[in-house]
Amino acid sequence: MSWTITQVARLSRITPRTLRHYDAIGLLRPAGTAAGGVRLYEREQLLRLQRILLLRDLGLGLDAIASVIDDQDRRGTRDVLDRHRTWLQAESERLARLARTVQRTIDGMSGGEEMDVEELFEGFDASRYEAEAQERWPEGVAESRRRTANWSRDDFAGAAQRGVDLAQRFATFAAESVPVDDERTQEAVAEHYEWVCLFWTPNAAAYRGLGEMYVADERFRQYYDKHGEGTAQYLSDAMAAYAAANLA
């Protein structure tokens, strides 16, 4: 059984234009074409589209989605979908906790019982990305767990603030058009590399790949660019320069 591009667009609630773009970049090829060149999709392509949309909802850019799906194909669709289901169930439970937290906050502001300060942040859990990270970088996740196993809240907060401070420095350099190989920039990149090494120790290729991900992954790009437009690309280029000069 096959479906036309119009039927797939209606089923998936995305536009035919988006499906044509996915075809053009090789992310989702149709199974074939009908008379007149109409794209036709079979169940295999619909399952692939489902995975694409799941990853897109996680905030990944199209380059990152293509990389993840290629890796998934090597491991088998059933195993991948099982992982996605587990993540979605956990995320559903987290969102339900967030909804309860917000409702209790509203109740407290309306004269009801005031929440304890610890409860204000129930449901705000950074580990919601753990399943995705485990899927994409299993060795890095294992190493990060080992290194941070005995960290306190203050340790995590300090590392997070250090990351923010570095992002702001790179935004300033980018805004001032400081060359990425400038001594000031490279000194900041050296500090960034030390910061990354708190969690895992990348070689030249891995550190350069991390920088490329800062641009390719929508979430990372938005995070860095909120400090200043173009910061993600600037940092990525600076990391590539540092890796070429200092890492093996």
Side-chain angles (χ1 to χ4, degrees), residues 18 21 25 27 52 55-69 71 121 124-137 139-141 143-144 147-148 151 153-248:
T18 297
H21 179 60
I25 64 176
L27 184 59
I52 291 169
L55 292 167
R56 192 182 72 173
D57 284 348
L58 290 173
L60 272 67
L62 294 183
D63 289 344
I65 289 174
S67 176
V68 170
I69 287 185
D71 181 60
F121 303 102
F124 293 93
D125 183 7
S127 66
R128 64 187 182 275
Y129 297 118
E130 184 172 350
E132 179 193 350
Q134 179 66 46
E135 185 173 289
R136 296 180 68 184
W137 313 290
E139 294 180 1
V141 169
E143 179 65 13
S144 179
R147 295 191 184 190
T148 62
W151 279 24
R153 286 189 177 183
D154 287 344
D155 291 331
F156 282 105
Q161 185 59 54
R162 186 176 176 185
V164 171
D165 293 343
L166 284 166
Q168 291 172 343
R169 286 174 66 187
F170 289 119
T172 298
F173 293 148
E176 296 175 354
S177 299
V178 177
V180 296
D181 58 354
D182 184 271
E183 182 179 352
R184 291 169 296 168
T185 300
Q186 287 301 297
E187 181 179 336
V189 178
E191 293 182 34
H192 179 271
Y193 182 76
E194 290 177 2
W195 175 68
V196 171
C197 288
L198 291 174
F199 306 96
W200 63 296
T201 303
N203 59 19
Y207 191 59
R208 185 171 56 251
L210 178 63
E212 292 170 355
M213 188 185 68
Y214 286 168
V215 177
D217 191 305
E218 186 69 21
R219 289 166 300 178
F220 283 103
R221 185 169 69 251
Q222 287 182 357
Y223 169 76
Y224 282 107
D225 283 0
K226 75 179 181 181
H227 296 283
E229 189 68 28
T231 301
Q233 185 64 62
Y234 181 86
L235 174 55
S236 179
D237 294 343
M239 290 168 66
Y242 180 87
N246 300 282
L247 302 178

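These numbers come from the heavy atoms of this one structure, side chains and all, not from hydrogens, waters or symmetry mates. Because the structure is predicted, anything quoted here is derived from the model rather than measured.
Contact record, D63 with A216: CB-CB, 4.2 Å, taken as the closest heavy-atom pair. For A159 against F199, the heavy-atom pair with the smallest separation is CB-CZ, 4.1 Å. Minimum heavy-atom separation, L247 to P202: CD1-O, 4.4 Å. Residues A204 and A243 come closest through the heavy atom pair O-CB, 3.7 Å. Shortest non-hydrogen contact noted between A238 and V189 is CB-CG2, 3.6 Å. For the pair Y193 and T201, the tightest heavy-atom approach, listed with the atom from each and the gap, is OH-CG2, 3.7 Å.
Taken from CE in M239 to OG1 in T185, the straight-line distance is 13.5 Å, to the nearest 0.5 Å. Rounded to the nearest 0.5 Å, atoms CD1 (I65) and CG (L27) are 6.5 Å apart. The OG1 atom of T231 sits 11.5 Å away from the NZ atom of K226 when rounded to the nearest 0.5 Å. In this structure, R169 CZ and R184 CZ are separated by 11.0 Å, a value rounded to the nearest 0.5 Å.
Among residues at least two apart or in separate chains, side chain to side chain donor-acceptor pair (under 3.5 Å) pairs with a member in residues 236-248 are Q233-D237. Sequence neighbours left out, the pairs with a member in residues 221-240 that pass ring pair (Phe, Tyr, Trp, His ring centres under 6.0 Å) are Y214-Y224, Y223-H227.
Under the 3.5 Å distance criterion, the side-chain polar atoms of R208 are left unmatched by any main-chain donor or acceptor of A244.
Within a 6.0 Å sphere centred on CD of Q161, other residues, nucleotides and ligands contribute more than 12 heavy atoms.
Q168 pairs in a side chain to side chain contact (heavy atoms under 4.5 Å, CB included) with only one of the listed residues (L166, T172, V164), which is V164.
The aromatic rings of H192 and W195 are tilted relative to each other, their planes meeting at an angle between 30° and 60°.
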